[in-house]
J.: 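What follows is a single structure, and I will ask about it in a moment.
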Amino acid sequence: MQVTPIARLCVPAGTAAAAVIALTANADAAIEARRFARLAQLDDVRFRAEFEELMVNGVYVMLAQRVLVLRISHGGVRTHAAIVCLRGGSGVAPARAGLAATPSIEAIPDNGDEECAGAQLRRLLESETKQRPIFHAITAEGTTYSAFDGAHAVAILEVLAQGLAQSTPSSALAAVFVGEPQPIPTGLFVAVAPAVD
């Protein structure tokens with residue numbers, strides 16, 4: 001399994017993440033226009049066009065060749081994941097209109113042995129959360145999602161390659177958790193390929 005940074009990754013800018021991941025419609029037209037779930041109901045051409053409009057308007061920002069760290073907090077429990085690109089799986093679904101917004105959810109166990117891949121990954125990901133987040137969102141249910149730029153991307157990728165040797169991802173866009181995996185709202189991370197005519 002080849003683990004690499006994501007070539008072109010779009011994420012919500014700052015606090016826009018809360019509107020992007022909202023599942024229910026909003027009466028405010030400006031907020032509703034940002035909801036990824038609304039965009040996903042459109043045909044492919046409009047889906048891509050409206051997503052690109054959100055990028056132009058600064059709702060999403062594009063990051064190049066990045067490894068991101070996601071921290072999910074709920075009920076006093078924090079979970080960490082690396083957002084990366086996985087290559088080599090035969091069952092990888094094609095991106096819709098060049099946009100992959102539903103990551104493959106993978107996990108590396110942390111069995112308590114401080115030398116295992118899970119423990120190494122946990123230490124690396126936790127250290128990345130000491131900086132200002134790229135985005136920060138709180139859902140109506142009280143779950144907090146924060147993303148951080150992976151300053152130690154090379155070390156993270158090395159540990160992931162070791163821990164995911166037998167993985168078969170469903171998407172090239174992947175969220176690799178330490179320990180118990182968690183669901184990620186669609187549209188929180190969007191890998192972008194060039195538009196197809």
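All figures in this text were calculated on a predicted structure; none of them were measured in a lab. Every heavy atom of this structure was used, including side-chain atoms; hydrogens, water molecules and symmetry mates were not.
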J.: Can you confirm whether L63 sits close enough to I134 that some side-chain heavy atom of one is under 4.5 Å from a side-chain heavy atom of the other?
T.: yes
J.: What's the spacing between E126 CD and K130 NZ if we round to 0.5 Å?
T.: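 Taking CD in E126 and NZ in K130, the distance rounds to 6.5 Å.
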J.: Just wondering, do V20 and F135 contact through their side chains at under 4.5 Å, heavy atoms?
T.: no
J.: Quick one: side-chain contact (heavy atoms from CB on, under 4.5 Å) partners of L23, sequence neighbours excluded?
T.: none
J.: Grouping I, L, V, M, F, W and Y whenever their side-chain heavy atoms are under 4.5 Å apart, do V59 and I31 come out in a common cluster?
T.: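 V59 does not cluster with I31.
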J.: Can you name the nearest heavy-atom pair linking A117 to G163, along with the distance?
T.: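 What the structure gives for the nearest pair is CB-CA, 4.2 Å.
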J.: For the side chain of R8 and the backbone of M62, is there at least one donor-acceptor N/O pair under 3.5 Å apart?
T.: no
J.: Let me have the donor-acceptor pairs involving side chains of residues 173-191, under 3.5 Å, with sequence neighbours excluded, atom names and distances please.
T.:
none

J.: I'd like to check the side-chain contact (heavy atoms from CB on, under 4.5 Å) partners of A22; sequence neighbours left out, ordered by chain and number.
T.: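 Once residues adjacent in sequence are excluded, the partners of A22 under the side-chain contact (heavy atoms from CB on, under 4.5 Å) criterion are R35.
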J.: In Å, rounded to the nearest 0.5 Å, how long is the span from CZ of R96 to OG1 of T102?
T.: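 R96 atom CZ to T102 atom OG1 measures 10.0 Å (nearest 0.5 Å).
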J.: Is the shortest side-chain heavy-atom distance between D110 and C116 below 4.5 Å?
T.: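 Counting from C-beta outward, D110 and C116 do come under 4.5 Å.
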J.: Could you list the donor-acceptor pairs under 3.5 angstrom formed between side-chain atoms of residues 145-162 and any protein atom two or more places apart in sequence or on another chain?
T.:
unit_1, atom_1, unit_2, atom_2, d
S146, OG, H136, ND1, 2.7
D149, OD2, R66, NH1, 3.0
H152, ND1, E128, OE2, 3.2

J.: Rounded to the nearest 0.5 Å, how far apart are CG of L42 and CD of E50?
T.: 5.0 Å
J.: I'd like a table of donor-acceptor pairs (distance under 3.5 Å, sequence neighbours excluded) in which one partner is a side-chain atom from residues 68-77, with atom names and distances.
T.:
unit_1, atom_1, unit_2, atom_2, d
H74, ND1, T143, OG1, 2.9

J.: Do the non-hydrogen side-chain atoms of E52 and L99 ever get within less than 4.5 Å of each other?
T.: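 No - every pair of side-chain heavy atoms lies 4.5 Å or more apart.
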J.: How far apart are the closest heavy atoms of L125 and A82, and which atoms are they?
T.: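 Answer, listing the atom of L125 first, then A82: CD1-N, 3.9 Å.
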J.: With distance as the sole test, does R34 use its side chain to make a donor-acceptor pair with the main-chain N or O of A19 at under 3.5 Å?
T.: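 Side chain of R34 to backbone of A19, a donor-acceptor pair under 3.5 Å: no, none is there.
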J.: Out of curiosity, L54 CG to Y60 OH, how far, rounded to the nearest 0.5 Å?
T.: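 Rounded to the nearest 0.5 Å, the CG-OH separation comes to 7.0 Å.
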J.: Just to verify, what does R123 make a side-chain contact (heavy atoms from CB on, under 4.5 Å) with, not counting sequence neighbours?
T.: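 Only E114, A119, Q120 meet the side-chain contact (heavy atoms from CB on, under 4.5 Å) criterion with R123.
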J.: To the nearest 0.5 angstrom, please state how far the CD atom of E106 sits from the CG atom of L164.
T.: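 If I round to the nearest 0.5 Å, the distance is 6.0 Å.
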J.: Give a yes or no answer on whether the side chain of D28 reaches the backbone of A30 with a donor-acceptor pair at less than 3.5 Å.
T.: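 Yes; judged by distance alone, with no hydrogens or angles, the pair exists.
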